[in-house]
Engineer: 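First the structure, which I've put down as structure tokens, then a few questions once you've had a look.
In this text, all values refer to a predicted model and were calculated from it rather than measured experimentally. Quick note on labels: first sequence line is chain A, next is B, and so on, each numbered from 1.
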There are 2 protein chains.
Amino acid sequence: MSSHIRRTMPLFPMGTVMKLTDLSARQIRYYEQHHLITPDRSEGNRRLYSLNDIDRLLEVKDLLDQGINMAGIKKILLKDDSQAEKLETKESSAKPKKEFTDEELRKLLRKELINAGRFNRSSEVERRFFH
Amino acid sequence: MSSHIRRTMPLFPMGTVMKLTDLSARQIRYYEQHHLITPDRSEGNRRLYSLNDIDRLLEVKDLLDQGINMAGIKKILLKDDSQAEKLETKESSAKPKKEFTDEELRKLLRKELINAGRFNRSSEVERRFFH
DNA sequence: AAGTTAATGTTAGTTTTTATTACATAAAAA
DNA sequence: TTTTTATGTAATAAAAACTAACATTAACTT
């Protein structure tokens with residue numbers, strides 16, 4: 001649970017993600033159009049990516065490098081994800097309800113980041129950049 | 001990629017650092033004025049912080065929370081850091097250099113003891129945040 | 001008590017970064 | 001060949017971040 005909060009916290013703006021993934025802004029937004037990631041937004045509408053988002057982008061990049069096209073990548077990464085299926089069919093206006101305010105989430109994340117044990121499995125980006 | 005490069009890589013813009021440290025932009029820039037951090041800059045002059053920078057900011061925050069003032073924090077964090085020494089000398093070259101006397105140090109120490117109850121965190125952010 | 005200093009807040013004006021949208025293009029698929 | 005895919009590029013608007021200056025408050029000094 002704590003790991004989940006830590007890795008889903010919307011933290012990184014576009015520029016950071018571009019550097020971490022070596023993808024262009026165009027590419028990153030394109031993959032979002034295809035629902036492979038759904039980054040949160042700042043109050044001012046800037047995209048904010050989580051560690052999970054960055055992981056996912058690196059997976060997409062990997063698969064593309066292997067010659068797999070978007071349709072295949074979707075099939076692979078969004079497999080039996082009913083939420084994504086819905087999004088795929090139609091722009092769903094149903095947003096996930098927020099249980100926490102942004103402020104509360106921030107505090108939780110920081111706490112988790114600070115206190116989190118090392119027993120959580122590493123994400124791709126963590127392995128690549130932070131170990 | 002070596003650990004040093006990873007941890008000194010200029011990655012995070014101000015907003016991200018504010019969230020990770022719960023410090024204001026004003027505070028973060030103030031600590032930079034005092035040479036406690038020296039973030040890199042983007043091509044467009046935006047500050048880019050590394051994991052090491054964030055570590056340092058959290059240390060500063062910790063020490064401030066313990067009632068230690070900037071002078072003491074500098075003494076503690078910049079000790080035998082030749083780069084910082086150079087900067088320090090350069091900036092105050094026109095002014096009389098204010099030394100930190102034993103008396104002042106004892107005062108700081110007393111303050112710290114009075115505010116004791118917390119433990120010193122000397123660990124780095126990388127470990128706390130991303131492992 | 002009054003005056004200084006230290007640490008941080010706030011505000012204003014400017015530059016950089018990001019978002020959106022539209023059009024362009026090379027390579028792959030049909 | 002024509003169409004689709006994945007990505008590039010350009011124009012414009014808005015947010016985020018910069019610098020600099022002035023404001024404020026709590027902590028020291030005298």
Side-chain angles (χ1 to χ4, degrees), chain A residues 10-49 53 57 59-75 77 91 102, chain B residues 10-49 53 57 59-75 77 91-92 95-96 98 100-101 103-108 110-112 114-115:
Chain A
L11 211 47
F12 306 105
M14 180 57 81
T16 301
V17 176
M18 291 171 68
K19 287 191 201 113
L20 285 173
T21 62
D22 198 30
L23 293 168
S24 71
R26 184 67 167 87
Q27 287 175 298
I28 294 168
R29 297 196 194 104
Y30 183 71
Y31 306 151
E32 178 183 345
Q33 281 190 306
H34 285 271
H35 312 298
L36 292 172
I37 48 170
T38 53
D40 212 328
R41 298 285 181 130
S42 75
E43 194 160 314
N45 200 40
R46 263 76 248 245
R47 288 174 180 82
L48 289 177
Y49 299 87
D53 290 329
L57 287 171
E59 288 183 285
V60 171
K61 189 183 176 175
D62 243 25
L63 294 169
L64 281 169
D65 283 347
Q66 291 171 39
I68 301 169
N69 65 10
M70 294 299 291
I73 294 174
K74 284 191 206 173
K75 203 70 174 177
L77 296 182
E91 295 288 10
D102 288 342
Chain B
L11 270 184
F12 307 105
M14 180 57 81
T16 302
V17 176
M18 291 171 69
K19 286 187 203 128
L20 285 174
T21 63
D22 200 29
L23 293 167
S24 70
R26 184 70 168 87
Q27 288 174 298
I28 294 168
R29 296 195 193 106
Y30 184 71
Y31 306 151
E32 179 183 345
Q33 281 191 305
H34 285 270
H35 312 300
L36 292 172
I37 46 172
T38 52
D40 211 330
R41 297 287 181 128
S42 75
E43 196 161 309
N45 199 38
R46 262 71 251 227
R47 288 175 181 81
L48 289 177
Y49 299 87
D53 291 328
L57 287 172
E59 288 184 286
V60 171
K61 188 182 175 174
D62 250 19
L63 294 170
L64 281 170
D65 283 347
Q66 292 171 34
I68 300 170
N69 66 9
M70 294 299 291
I73 293 174
K74 283 191 202 173
K75 201 71 175 181
L77 295 182
E91 209 220 20
S92 53
K95 294 172 253 171
K98 200 164 124 192
F100 216 69
T101 68
E103 170 63 22
E104 289 169 318
L105 258 183
R106 255 180 268 113
K107 229 185 209 172
L108 286 171
R110 207 181 329 124
K111 240 186 194 170
E112 183 176 356
I114 286 168
N115 286 323

Engineer: At under 4.0 Å, does any side-chain N or O of B/Y30 touch on OP1 or OP2 of C/dA6?
Structural biologist: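 No, B/Y30 has no side-chain N/O under 4.0 Å of OP1/OP2 on C/dA6.
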
Engineer: If you compare every side-chain N and O of B/R47 against the phosphate oxygens of D/dC18 (OP1, OP2), does one of them come in below 4.0 Å?
Structural biologist: yes

Engineer: Hey, which of these two, B/G44 or A/L64, hits DNA chain D nearer its 5' end, going by closest nucleotide?
Structural biologist: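 Final value for this comparison: A/L64.
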
Engineer: Look at the side chain of B/R46 and the base of C/dT17, then say whether one donor and one acceptor between them are separated by less than 3.5 Å.
Structural biologist: no

Engineer: What's the CZ-P distance between B/R29 and C/dG9, to the nearest Å?
Structural biologist: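 Computing the B/R29:CZ to C/dG9:P distance gives 12 Å.
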
Engineer: Whole Å only: how far is the CZ atom of B/R26 from the P atom of C/dA7?
Structural biologist: 11 Å

Engineer: What's the CD-P distance between B/Q27 and D/dC18, to the nearest Å?
Structural biologist: 15 Å

Engineer: Once rounded to the nearest 0.5 Å, what's the spacing between atom CD of A/E59 and atom CG of A/L64?
Structural biologist: 12.0 Å

Engineer: Check whether B/T16 reaches the backbone of A/L11 with its side chain - one donor and one acceptor, N or O, closer than 3.5 Å.
Structural biologist: yes

Engineer: Using atom CG of B/D65 as one end and atom P of C/dA7 as the other, report the distance to the nearest whole Å.
Structural biologist: 14 Å

Engineer: Separation of B/D40 atom CG from D/dA17 atom P, in whole Å?
Structural biologist: 16 Å

Engineer: Using a 4.5 Å cut-off on heavy atoms from C-beta on, say whether the side chain of A/Y49 contacts that of A/M14.
Structural biologist: yes

Engineer: Return the nucleotide paired to D/dA21: Watson-Crick means purine N1 to pyrimidine N3 with N6-O4 or O6-N4, wobble means G-U with N1-O2 and O6-N3, both under 3.5 Å.
Structural biologist: C/dT10

Engineer: Can you tell me the distance, in whole Å, between the CG atom of A/L48 and the C1' atom of C/dT18?
Structural biologist: 11 Å

Engineer: Run through A/V17, A/L36, A/V60 and flag the one making a side chain to side chain contact (heavy atoms under 4.5 Å, CB included) with A/I28.
Structural biologist: A/V17

Engineer: Measure CE/A/M70 against P/C/dA29 and give the value in whole Å, please.
Structural biologist: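 Spelled out: CE on A/M70 to P on C/dA29 is 15 Å.
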
Engineer: Please report the distance, rounded to the nearest Å, between CZ in A/F12 and C1' in C/dT18.
Structural biologist: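 The distance from CZ of A/F12 to C1' of C/dT18 comes to 17 Å, rounded to the nearest Å.
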
Engineer: May I ask you to evaluate whether A/N45 reaches the phosphate of D/dA13, defined as a side-chain N or O under 4.0 Å from OP1 or OP2?
Structural biologist: no

Engineer: Side-chain N or O of B/S42 versus OP1/OP2 of C/dT16: is the shortest distance under 4.0 Å?
Structural biologist: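 No, because none of the side-chain N or O atoms of B/S42 sits under 4.0 Å from OP1 or OP2 of C/dT16.
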
Engineer: Can you tell me if A/K61 uses its side chain to pair, donor with acceptor, with the backbone of A/L23 under 3.5 Å?
Structural biologist: no

